[in-house]
Amino acid sequence: MAGAGEGTGRVTAQLPILQVVVPLLAAPICAVLRHGRAAAWLAVLASWSVLAIALALLGQVMAGGVVSYHIGDWVPPIGIEYRVDIVNAWVLVIVASIGAVVTPYSVASVEHEIASRRIPLFYAAYLLCLSGLLGITITGDMFNVFVFLEISSLSAYALISLGRPRRALTAAYRYLIMGSVGATFIVIGIGLLYVMTGSLNMADLAGLLPGVWDSRTVKVAYGFLGVGICLKLALFPLHLWLPNAYAFAPSPVTAFMASTATKVAVYMLLRFFLSIFGAAFSFDVMALDRVLLPLALVAVVSMSLVAIFQVDVKRLLAYSSVAQIGYMILGLSFASITGLTATLLHLFNHALMKGALFMALGCVVYRIGSVHIDAMAGLGKRMPWTMAAFVVGGLSLVGVPLTVGFISKWYLILGALEKGGPWIAVAVLVLVTSVMALVYVWRVVEAAYLREFSGDEPTGEAPLSLLAPTWVLVAANLYFGIDAVRTAGVARQAAEVLMAGIGS
Amino acid sequence: MREEIIVRVGAKILTPFIIMFALYVHFHGDYSPGGGFQAGVILTAAFALLALVYGLAAVQRVLPPWFTRLCAALGVVIYGGVGVVTMLLGHNYLGYDALAQDPKYGQHYGILLVELGVLVTVFGVMASVFYLFAGRGRSES
Amino acid sequence: MSLDFFVSHYNYWVVIFLMMVGFYILISRGNLIKKIVGLNVFQTSVFMLYISMGKITGGTPPILVGDGHGGEAMEHVVYSNPLPHVLILTAIVVGIATTSVGLALAVRIKEAYGTLEEDEINRIEALVEASE
Amino acid sequence: MSIVVDIVLLTLLAVAGIALLRIRNLFAVVMLAGIYSLLSAGLFTVMDAVDVAFTEAAVGAGISTVLFLGALALAGHHENRPGHTPLLPLIVVSVTGLALVYGTIDMPGFGGADNPVHHHVADHYLEESPNEIDIPNVVTAVLASYRGYDTWGEVTVVFAAAVGVMLLLMGGRRSRAAAGDHGQAGADGQADGAGHR
Amino acid sequence: MSIELLLALSLAVPAAGTLLILLLRKSPNAREAASLVTAGALFAIVLRIYGVVSTGERPELVLAEPIRGIPIALEAEPLGVLFALIASFLWIVTTMYSIGYMRGHHEKNQTRFYVFFAFAIASVMGVAFAGNVFTLFVFYEILSLTTFPLVTHAGTDAARRAGRVYLGILFGTSIAFQLLAIVWTYAVAGTLDFQAGGILDGRLAGIAVPVLLGLFVFGIGKAAVMPFHRWLPAAMVAPTPVSALLHAVAVVKAGVFSVLKISVYVFGIDFLAGAGASVWLMWAAAATIILGSLVAFTKDNLKARLAYSTVSQLSYVVLGAMLANSWGVIGSGLHILMHAFGKITLFFCAGAIMVAAHKSEVSQLKGLGRTMPVTFGAFFIGTLSIVGLPPTGGSWSKWFLGVGSLEAGQVGLMAVLMVSSLLSLAYLMEIPLKGFFQKPDEPPHHEGIHEGPKWSLVAIVTTAVACLALFLYPEPFYRLMTMVAGS
């Protein structure tokens, strides 16, 4: 073929689109496969190539700046543009890494939790969800965001509904309603922006919007986009769909969603509000920081508190997720480079820790079928590797040094202290909630290690195909906790880009 | 039971219109309103109403569920495949100019192909979904 | 408020009213299927908002008249904006997709809980939770 | 003339909307929703969006009605009377609506040919598509070529919906059969095995 | 062998020891031999480091750099060497003691015990040789984690509760206060390295200084300044060697060591004295000294009494650091040493009594001194050292602390020291007195009772002799501390 002669050169130029096309084309193929295993391995292959592409893209962006890809050869804003800067390259790597780890993990887990004839469809939905999230992240077109948002959401509803308890159905339904409302709000917001500027291209909008900043329409658009995205990212008090959705979904789905979906929503928030509207508009005109700060604080405190009293460990971690989202938003509300660095770092770090934790719980479900805290008594002896993974993940969640959680906390507190004055109280609150995290994590650890197993049937350790991916994430928790220079460097660069905005 | 009658009568009246609509929409997409999507939906609507009137089993004999499921997936692959082909031809994804010497012809071919993809998927999806809804009540009663 | 302003904006306002009717059905009704109807009304009304944006008074549908080879033949014809139409075509499809998944969920919930009313489902779930 | 049609249609839509709110027979509701779709399709035609009108008619009045009927056949069609005064929804809706109305104040007037929305990329589509793509229906040109990628996304959304529905509805009605004893088939003793009905 | 390598080895050897112990779990003798050998090797390494540091060298080693500009780095300086010497030497002794105790008491999970013990020592070495506040914090937290399984060793409800209190207070304070203080320090100073004269001088002023210092002092929960002392008595449920580890070798010493190190190398004593920032904390420490002694009085349980005695004694060290003058620092550093030997002797004795006579309450000890003369004799020496009477090492640290108080112009603190010495004399001396001079309540059936296991006895004698020896030869340690105070 034409491109064959200059093979590598061509492929690198096509990386942005391949990032999404590869999993998206794998999905329909999965759907028509007969054997679950075949679909599973196709999905694994796709998810690994996605990670390779994401890493290559990050390399490209770090070496040569923004990569713009014109789909259909139409020059933006006429056509749709894929636009990769360090911010979304970073988020792509996060999503892709989790995908690459969770997919092989799901092979055994899914066979255990889902009826065999649905497995090919499961992988189709899973890949659709993955490519939807990647598409939201990579695109430079507002409406394209909506389209891919719906791809990921629809498949997510289906994936969640596959959980065994019937409450998975109502959780999925609730998520569908709230998610659709969120998406519709986003569509309204996009429409209002479009009517004022005539453009849907993000970079283009960033240039056009300053001309119409004063209009009420733009401000209302801002509000609608904000509410819509916050519904998707489950920011308190719009989080009601999340706990049950995470608690009752199949294990790999929970691990995947918890580590990626809300991260991408946070990315949307950052991209829309800081790049497109511009940091200046967001912080000076719309007082975004002052709106988000109290919400974030309430989220962190109240949800940590609620988590302490949960008996279902999956739900406990789900509430913890809402609290952790609060940390991310808190970093944003500092309106500073350090604060944003904390947010962007925590996107990655939280993905690692929650991924590891939910995957460890998946191992527990695989063996004992329950994650009730009483059912986990004595598990430390019976499933030592699984519970060790949980402990490390838990320590990371608490923010113990040498884990990624600590790095996030460090930057968050540093960001608060840099602002000085009353912000010290915010730093204190972050630390106090870390102690709350210690309490809820420790309840589980105590049950597993210091209580005796009451049942009689012996339980073995989870199979290697579940443990290995789990431990990959656990190792990542430790590795990036010990060597965070690179991750923090990327996060900081991304934060600087966001604060500067696309236009400048 | 009154509702049943309404449905039957409504279906009978609507069916010819719908099929006419579908054909028109499908073949005139470039020149007048319509295209693969509308055609796919309308076509399915026709089948759906037929199924309501003549029974699901009769329709499924002509149009088995595995086939509609295949269609649903196939359309996506056709559409995406066009993009892959243009990429292999050295253009960007969905750069139809690559498909012929004259870019305009390339665009025509491209649009034709992707509209076909849309039609196939939409038809396959709508029919599959309809089968599932319509078939569910029956399977065990 | 001038009459001009009113004439040029009433369309939006009615559409907003319709949107809110749909939104209200969605969030106030307890029946799972009725909620989806509400969602449909909500979304359809948003579509109207978009299409209103694309309309040019005295315009015609964006189907070029003339011989189809070069638009220079009919310079004086004003076409309405095609882009919102394209967006809404996409959005309609997304809407039906959401509806079908939502309805499938509702059917499964009915089978699992024996009811479609949110109140009753909540009651059942509270009972289950209490027994845990 | 078109303004009269416009007003009539909008009024009818409002009436249909209110009726939808009040009627509790879901069968009637679904039919009315179909009518609502047809009316909106009419409105789209008036506003020159003929493609959209066709689609809305086919989807809203066609497919979507069929799906709703299918769902009602499986799930019953009576809605309970709302238990309590829905004050919170009312507030939410009012605030949202007022915010939107507030936003329209600075919006360019309806139908204005100079609105920015018509002059950024729309110009290009209308003026250049004869040279670049050369098909009369600009909507199709934009849909399938300029923004062809969105359309692929749209096709994928539909496909995702099919996958979702298949995952949900494929196979027998396990849960109902098993609900009498222990919730889900292959009961794992977890969560809500209780399944009282 | 390069000195940097030795630093790395000081962590690696005990860490490798854990593996060895784990591998040899099947054979208790080999396992315990491995423990002893590792401990001996570690002590040899630390001695070698001491040799280098005493000539004025400051070897450094960067292990990793998690956050740019904040590496995990090791650096050997006199104070750290002093602490490392204490810990590594006492590890040998404690291991010997444990062999006797754990076997004599038929404890479960002995392998786990030795493994985590070695882990704890590795983290203590990290604390001792930490080159910056961050590294100190890292190893401080690891130490909390690695000692947790030791505290909950028994696995009973009481142990579980104790574990909860232990981890809750240690983690809670370190996360809520210490971490905040560290980030704050970094935000102000732009570095976290330990430097002679401190890093905060001229960068922080006013009320912020005492607040930051307070965050550090209370954030280091292991220093057990009231009201964050509860974990220490709670942790008494652990086996006696663990108590020894907590009280003498590792945990509390790591706490007060951190306080001292941060005062000297982060704030700098001149800066502290100039800002008057530490005055309020002197009095917090003084209050802990007195209250701890008073509570100790009321405890009949021997280990509980010793625990409160520790709470009280730790604040001597904190007090010395807060005095912010050379004498205070020297006294503070020496007190870490002297208290370590004194208190470990007392705990060893308490454990021996428990193993041999199954007695845990003070009131049960009447007349027991006659059947266990060595144990009670050692207890007597330990008591002298804790109280600060010649001919034991404890008298030196008390002396310097007193001088420091006067130098700081705090005559009131002098009085506190005197009163608390009297109190400790009273509550500790009761035990040997009861043992030797009181008649047992019941007719003695001491046939079964004799001295504790011989391994334990060796350890007891060693530490008791050390208490005496330190009175005669405090010189090397005094020199180390003058290097710290003079720097």
Max heavy-atom pair count under 4.5 Å with chain E, selected residue of A/V485, A/V435, A/T487, A/V432
A/V485

Give every residue pair that meets the side-chain hydrogen bond (donor to acceptor under 3.5 Å, both in side chains) criterion with at least one member in residues 177-186 of chain E, sequence neighbours excluded.
none

Okay, E/F139 and chain A: the region with an atom under 4.5 Å from a heavy atom over there is neither

Among residues 167-175 of chain E, which ones touch chain A with a heavy-atom distance under 4.5 Å?
E/L167, E/F171, E/G172, E/I175

For residues 161-181 of chain E, which residue pairs pass the salt bridge (charged side-chain N to carboxylate O under 4.0 Å, His left out) check, not counting sequence neighbours?
A/E446-E/R164

Which bit of A/Y411 comes within less than 4.5 Å of chain E, counting heavy atoms only: side chain, backbone, both or neither?
side chain

Which bit of A/L450 comes within less than 4.5 Å of chain E, counting heavy atoms only: side chain, backbone, both or neither?
both

Heavy-atom closest pair, residues E/P66 and A/G481
CB-O, 3.5 Å

Over 12 non-hydrogen atoms of neighbours within 6.0 angstrom of CZ in E/F119:
no

Checking heavy atoms, do the side chain of E/E141, its backbone, both or neither come under 4.5 Å from chain A?
side chain

Could you go step by step and tell me if E/L63 and A/I482 meet the side-chain contact (heavy atoms from CB on, under 4.5 Å) rule?
CA-CA 10 Å; E/L63 295 179; A/I482 293 170; over 6 Å; no

Out of curiosity, A/I413 CD1 to E/L180 CG, how far, rounded to the nearest 0.5 Å?
6.5 Å

Hey, does E/V188 have a side-chain heavy atom less than 4.5 Å from the side chain of A/L417?
no

Considering residues, nucleotides and ligands other than E/W280, do more than 12 of their heavy atoms fall under 6.0 Å from its CH2?
yes

Evaluate the side-chain proximity of E/I142 to A/L402: yes if any heavy-atom separation is below 4.5 Å, no if none is.
yes

Select one option (side chain, backbone, both, neither) describing which atoms of A/W442 are under 4.5 Å from chain E's heavy atoms.
side chain

A/F406 versus chain E, heavy atoms under 4.5 Å apart: side chain, backbone, both or neither?
side chain

What pair of heavy atoms forms the shortest contact from A/L431 to E/A176, and how long is it?
CD1-O, 3.4 Å

Please test A/Y449 against E/T152 for side-chain contact (heavy atoms from CB on, under 4.5 Å), starting from the C-alpha separation and ending with a verdict.
CA-CA 10 Å; A/Y449 285 97; E/T152 56; over 6 Å; no

Check whether E/F134 gets within reach of chain A through its side chain, its backbone, both or neither, counting any heavy atom under 4.5 Å.
side chain

When the 4.5 angstrom heavy-atom criterion is applied to A/V400 and chain E, the contacting part is side chain

Report, in residue-number order, which members of residues 388-398 of chain A are under 4.5 Å from chain E by heavy-atom distance.
A/L395, A/V398

